[in-house]
Amino acid sequence: MDHSYQEWQEVLAEEFFGRQHAGHPTLFYVDDDVEQELRHGYGLEEPLAQCVGRFLRAGTAEPYSALEDYRWRKRQQDKDGVPAFLPLLACSVMAASRMVNDRNHRATAYHARFSELLTGDERQLRSQHYEPVSRMWQVLASWQHGQKGARGLCTLPVPADLPSNRSMIGFAQSQSLLSGADRSFLPRFFRSLREYGTVWPLPGETLLAQVEIRGMEQHFSKGFRNALREEEFRPFLAKLIGNYAASWDGSDELVPTGVVRAELLVRLDAGRLSWVARLRSAEHNARIELKGGVVLEQLGDTAYYEVTGLPAPSAETLVRGIRRDGDNLVLSRPSSSVLVLARDDVLGVWAGTDGFRPGEAHVVLAAPTAQRDVQRLLDKAATTGRSADTGKLAWVPRGWSLHKPVTFDDAVTLRRALQEVQGAVGLLQPPAQFKLRLEGGLKLAPSLDPYLYLRGGEPQVVLPDATEGTDTLLIDGKERPELRNGIAAGRPVPLAVLRLEPGRHTVSYAGVEIAFATADQVVEPKTTKVCGFTVVDGKASPSPSLLVEHNLPTGITGVDCTSATSQDAAAVTELCRRDADEVLFAAADGRLWTLEAPEQPDWWSERLPDTPAPLRFEADFHGIGGWLLERRNGRWKGRPVNPGTPNPKSARKPRAWARAVLNAQQVSAEPSWAAYVQAAKELDR
C-alpha cells in the first residue's frame with residue numbers, strides 16, 4: 001500500500017472513530033460532499049475512490065484480497081487499532097448515498113453504483129463479490145464494541161436486524177440514512193417533543209410517527225425520507241433514531257467536537273441509590289471539577305468516578321435528566337422513565353446498564369407512565385421477575401414499580417419482545433454480538449498464554465447474534481448434550497460444567513473455531529542463562545552476549561541501563577512522531593534517508609495492555625549531521641541534528657536531497673537551514 005491509502009485510513013479513523021466521539025453514537029457517513037471536505041481539509045491529493053480502486057484485483061474471484069492482506073499486516077503491528085479497511089468501507093457508504101432513481105438504475109441497484117464508483121464499470125463488481133465487504137463491516141462493529149464506547153458507540157446493525165434481501169449491503173446502507181445535516185437537526189426535533197412534557201426517551205417508531213404527523217420530513221435528507229417510506233428498512237431507521245434520542249443529553253449538539261461525555265449512572269449499594277460516573281476516554285484524571293460544585297473522584301484505577309454535589313437519584317431527577325459542564329467534558333444522564341440495573345464486575349454492586357443482558361439478573365424500576373410497557377415485556381420474555389415487588393423499600397423512587405430479579409434466558413425471544421412492545425423499553429436491546437468469543441474464566445499466566453485457563457475455571461462461550469438456530473456448538477469436534485438446553489444467541493454458555501481434561505481444546509460454531517487450553521497449574525519457566533550487555537569501566541559493550549556468573553551483577557539486562565554509557569559517545573538520539581506522514585533526514589553530505597517507525601514488539605500489548613501506542617519513536621544518528629524533517633497534514637517541520645556545513649555535491653544522487661530540502665524550505669529561519677536551502681537551489685538550477 002502506498003502513502004495515499006494509509007493517509008485516507010488515518011484520516012477516516014480520526015474523523016469518525018477518534019477519541020473525541022467517546023460515549024456518543026457514531027455514524028460512518030461518507031457521501032461525495034464529505035469526501036471532498038476531507039480531501040481538501042486534510043490536504044489529500046488523491047480522491048478516495050480512485051485511491052481504493054488502484055488496489056482492487058478486478059476480474060478475479062477475490063477482488064479485495066490486497067486490501068484484506070494489508071489489514072492483517074497492520075493488525076500485527078497494532079491489534080487494538082482501527083481495522084485498516086476504512087477507505088473501502090467508506091466507498092461502500094458513498095455508493096449507498098447514491099442510491100436514487102435515475103435514467104440508468106433503480107433506487108435499489110446498489111452493486112452497479114459500487115462497481116462504477118471503484119472501477120468505472122458497473123458490471124465489474126457483482127453481488128457475489130461483496131461478501132468480504134460484509135465481513136469487514138462486522139469486524140469493524142466487533143472492534144468498536146470491544147472499545148467499550150471509547151471510540152464512539154456503534155450504530156452498525158446486528159445481522160439479524162437487517163432485511164433478508166439486504167443481509168450484506170445493509171451495513172453500508174445503515175450508515176447512509178442520517179446525514180450530518182440530519183444529525184444537526186435532531187436536537188431541535190427532540191426538544192420540540194420534550195416541550196410538551198413527553199416522557200423521555202421515546203422509542204424510535206414513535207419518533208418516526210411524530211416526524212410524519214408533524215410533517216417534518218422536509219427537514220431531513222433524501223436518504224432518510226426514502227428509508228422512512230421503505231417497510232423493510234424502517235425498523236432499523238427507528239432503532240437508529242431511537243438510540244440517538246436515548247443518548248441525547250439536552251444540549252444543542254449531539255456530539256460536541258472534542259468534548260468527552262461522562263455517563264451518569266445509578267448505583268444501588270447497601271439499600272441506597274447514588275450516582276457514579278463512567279468515562280469512555282483513554283485519559284482519566286484523578287479529580288474533575290464541574291460547574292455547580294459537582295466533583296468527580298476516580299475510584300481506584302478504573303473508568304468510574306464517585307460523584308458529589310448532585311441531588312440524589314429520585315423520581316424527579318430520573319425523569320427530568322441531569323447535565324453539568326466542565327473543561328472539555330460534559331456529565332449527563334438523559335431523562336428516562338425506566339431504570340435497569342445489573343451487577344457491575346468493576347464496581348461489585350448493582351449499577352445502571354445500557355440494555356438487558358441475557359442470562360443475568362436485573363433490577364427493573366419503572367415510572368408510572370412506563371409500567372404498562374415494562375409489564376408487557378416481562379410477560380412476553382422474562383424467565384423470572386414478572387411480578388412486581390410490592391414491599392415498601394425506602395430506596396425505590398416514589399410511585400415507581402420494582403421487579404427483581406429479572407432474567408431473560410433467551411436473547412432471541414427478548415429481542416422479538418422488545419420489537420413488539422416498543423414503548424419506554426424499546427431501547428434496552430441486549431449488547432450486540434458479532435462473532436463467536438470466549439468470556440470470563442480463570443486465566444493462568446496471561447503473559448505466557450492469554451487462552452490458558454485453570455481446570456474447572458473454563459470460560460463461557462458467547463454465540464453471535466446472526467445465528468439461526470440451525471448450527472451446532474461443538475466442543476473438541478463433538479456435540480455435548482449437557483450444553484444443549486443452555487444454547488441461545490447472545491447468552492453465555494458455561495464450559496466449566498463439562499469437566500474437561502487438562503490440555504488443548506476447541507470450540508466451533510457456524511464455521512468459526514476458537515482454541516484454548518486448560519491446566520491444573522502453571523510452573524513459570526526458570527532461566528538458566530541470561531543474555532545482556534557486559535560493562536567495562538562504566539561503558540556498555542556494543543553487542544549482547546551470555547553473561548557469566550561473575551559479571552551478572554554489573555551487566556545490563558532487560559531495560560536496566562544504570563551507571564553505564566554507550567561506547568559510541570558521539571551518537572545523537574532524536575524523537576520522531578509516529579503519526580507523521582513522512583519523516584526524512586537530509587544529511588549535510590547530500591544523502592537523504594526516509595525514517596520508518598519501528599514495529600512494536602509482541603510483548604508490548606501483553607505486558608502493557610492499557611497503554612496507548614507511543615506517539616514518538618527514537619532515531620539514532622552516529623557521527624553524521626543534518627536536518628530532521630517531518631511532514632504532518634501537509635506541513636513540514638524541521639530541527640537540526642549537528643547540522644554542520646552542507647556539501648551535497650559529493651553525494652551520488654544529490655537531486656533527491658535538493659527536492660526534499662526545497663519542499664520543506666519554510667521550516668526554519670535559522671542560518672544553518674538557510675545554507676541548506678541555498679545549496680539545494682544551486683543544485684536545482
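What you see is a predicted model; the values in this text were computed from it and never measured.
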- Message: Atom CZ of residue position Arg191 - does it have more than 12 heavy atoms of other residues, nucleotides or ligands inside 6.0 Å?
- Response: yes
- Aromatic plane relationship, Tyr110 with Phe114 - under 30° parallel, 30 to 60° tilted, over 60° perpendicular: parallel
- Query: Can you tell me if Ser92 uses its side chain to pair, donor with acceptor, with the backbone of Leu89 under 3.5 Å?
  - Reply: yes
- Query: Would you say the side-chain atoms of Thr26 and Arg151 include a donor-acceptor pair closer than 3.5 Å?
  - Reply: no
- Do Gln429 and Leu418 have side chains that get closer than 4.5 Å, going by heavy atoms? yes
- Message: Apply side chain to side chain contact (heavy atoms under 4.5 Å, CB included) to residues Phe28 and Leu12 and explain how you reach the verdict.
- Response: CA-CA 9 Å; Phe28 192 16; Leu12 294 169; 4.2 Å; yes
- Task: Could you walk me through whether Arg39 and Glu45 pass the salt bridge (charged side-chain N to carboxylate O under 4.0 Å, His left out) test, one step at a time?
- Result: CA-CA 7 Å; Arg39 181 150 43 99; Glu45 297 179 359; over 6 Å; no
- Can you find a pair of side-chain heavy atoms, one from Trp8 and one from Tyr42, that are under 4.5 Å apart? no
- Item | Nearest-0.5 Å distance, CG of residue Asp581 to OG of residue Ser4 | 11.5 Å
- Query: Ignoring hydrogens and geometry, is there a side-chain-to-backbone donor-acceptor pair from His129 to Arg126 under 3.5 Å?
  - Reply: yes
- Note on the structure: Rounded to the nearest 0.5 Å, the CZ atom of Arg57 sits from the CG atom of Leu67 at a distance of 8.5 Å
- Note on the structure: Closest non-hydrogen contact found for Ser167 with Phe171 is O-CE1, 3.6 Å
- Rounding to 0.5 Å, atoms CG (Leu177) and CG (Leu237) come to a distance of 5.5 Å
- Heavy-atom closest pair, residues Val583 and Arg577: CG2-O, 4.2 Å
- Give me the ring orientation class for Trp248 and Phe190: parallel if the planes are under 30° apart, tilted from 30 to 60°, perpendicular past 60°. tilted
- Note on the structure: Paired with Leu153, the side chain to side chain contact (heavy atoms under 4.5 Å, CB included) test is passed by just one of Gln144, Gln147, Arg280, namely Arg280
- Message: I'd like to know if Glu263 pairs up with Arg278 as an ion pair, taking the criterion as any Lys NZ or Arg NE/NH1/NH2 lying under 4.0 Å from an Asp or Glu carboxylate oxygen.
- Response: yes
- Are the side chain of Asp182 and the backbone of Ser179 linked by a donor-acceptor contact shorter than 3.5 Å? yes
- Item | Gln20 side chain to Glu14 backbone, donor-acceptor under 3.5 Å | yes
- Query: Taking C-beta and beyond as the side chain, do Leu178 and Leu240 meet within less than 4.5 Å on heavy atoms?
  - Reply: yes
- Message: With rounding to the nearest 0.5 angstrom, report the CG to CZ distance, Leu125 to Arg113.
- Response: 15.0 Å
- Between Asp31 and Arg98, does at least one N-O distance fall below 4.0 Å, as a salt bridge requires? no
- For Glu630 and Arg632, run salt bridge (charged side-chain N to carboxylate O under 4.0 Å, His left out): C-alpha distance rounded to whole Å, both residues' side-chain angles, the deciding distance at 0.1 Å, then the answer. CA-CA 7 Å; Glu630 294 178 335; Arg632 295 179 62 230; over 6 Å; no
- Flag for Ser115-Arg123: side-chain donor and acceptor within less than 3.5 Å: no
- Query: Looking at side-chain heavy atoms only, is the closest gap between Glu10 and Asp579 below 4.5 Å?
  - Reply: no
- Message: Just by distance, no angles: are the side chains of Tyr70 and Tyr5 close enough, under 3.5 Å, to form a donor-acceptor pair?
- Response: no
- Item | Nearest atoms (heavy-atom pairs only) where Pro430 meets Pro358 | CB-CD, 3.9 Å
- Would you check if the side chain of Ser134 reaches a backbone N or O of Tyr130 as a donor-acceptor pair within less than 3.5 Å? no
- What's the shortest heavy-atom distance between Arg357 and Ala342, and which atoms? NH1-CB, 3.8 Å
- Message: Check this for me: Glu131, atom CD, are more than 12 non-hydrogen atoms of other residues, nucleotides or ligands nearer than 6.0 Å?
- Response: no
- Could you tell me whether the side chain of Gln9 and the main chain of Leu86 form a donor-acceptor pair under 3.5 Å? yes
- Leu427 and Asp354: CA distance, side-chain angles, deciding distance, side chain to side chain contact (heavy atoms under 4.5 Å, CB included) verdict: CA-CA 8 Å; Leu427 303 171; Asp354 298 329; over 6 Å; no
- Task: Apply the test salt bridge (charged side-chain N to carboxylate O under 4.0 Å, His left out) to residues Arg234 and Glu212: give CA-CA distance (whole Å), side-chain angles for both, the deciding distance (0.1 Å), then the verdict.
- Result: CA-CA 13 Å; Arg234 182 175 172 129; Glu212 295 169 320; 2.9 Å; yes
- Verify, without hydrogens or angle tests, whether His40 (side chain) and Glu35 (backbone) share a donor-acceptor contact under 3.5 angstrom. no
- Item | Side-chain (Thr119) to main-chain (Glu116) donor-acceptor, under 3.5 angstrom | no
- Task: Nearest 0.5 Å please: distance from the CE atom of Met94 over to the CG atom of Leu118.
- Result: 9.0 Å
- Task: Check whether more than 12 heavy atoms from other residues, nucleotides or ligands sit under 6.0 Å from atom CZ of Arg416, and answer yes or no.
- Result: no
- Query: What do you reckon, is CD of Glu479 surrounded by more than 12 foreign heavy atoms closer than 6.0 Å?
  - Reply: yes
- Message: Could you measure the distance from the CZ atom of Arg188 to the CG atom of Leu193? Nearest 0.5 Å is fine.
- Response: 13.0 Å
- More than 12 heavy atoms of other residues, nucleotides or ligands under 6.0 Å from NZ of Lys435: is that the case? no
- Task: Might you work through the side chain to side chain contact (heavy atoms under 4.5 Å, CB included) test for Ile514 and Val461, ending with a clear yes or no?
- Result: CA-CA 10 Å; Ile514 301 176; Val461 179; over 6 Å; no
- Message: For Gln460 and Val493: C-alpha separation, side-chain torsions, deciding distance, then whether side chain to side chain contact (heavy atoms under 4.5 Å, CB included) applies.
- Response: CA-CA 5 Å; Gln460 299 173 320; Val493 180; over 6 Å; no
- Message: Is any side-chain heavy atom of Leu156 closer than 4.5 Å to one of Ser174?
- Response: yes
- Task: Show your reasoning for whether salt bridge (charged side-chain N to carboxylate O under 4.0 Å, His left out) applies to Asp476 and Lys478.
- Result: CA-CA 6 Å; Asp476 296 334; Lys478 300 178 181 178; over 6 Å; no
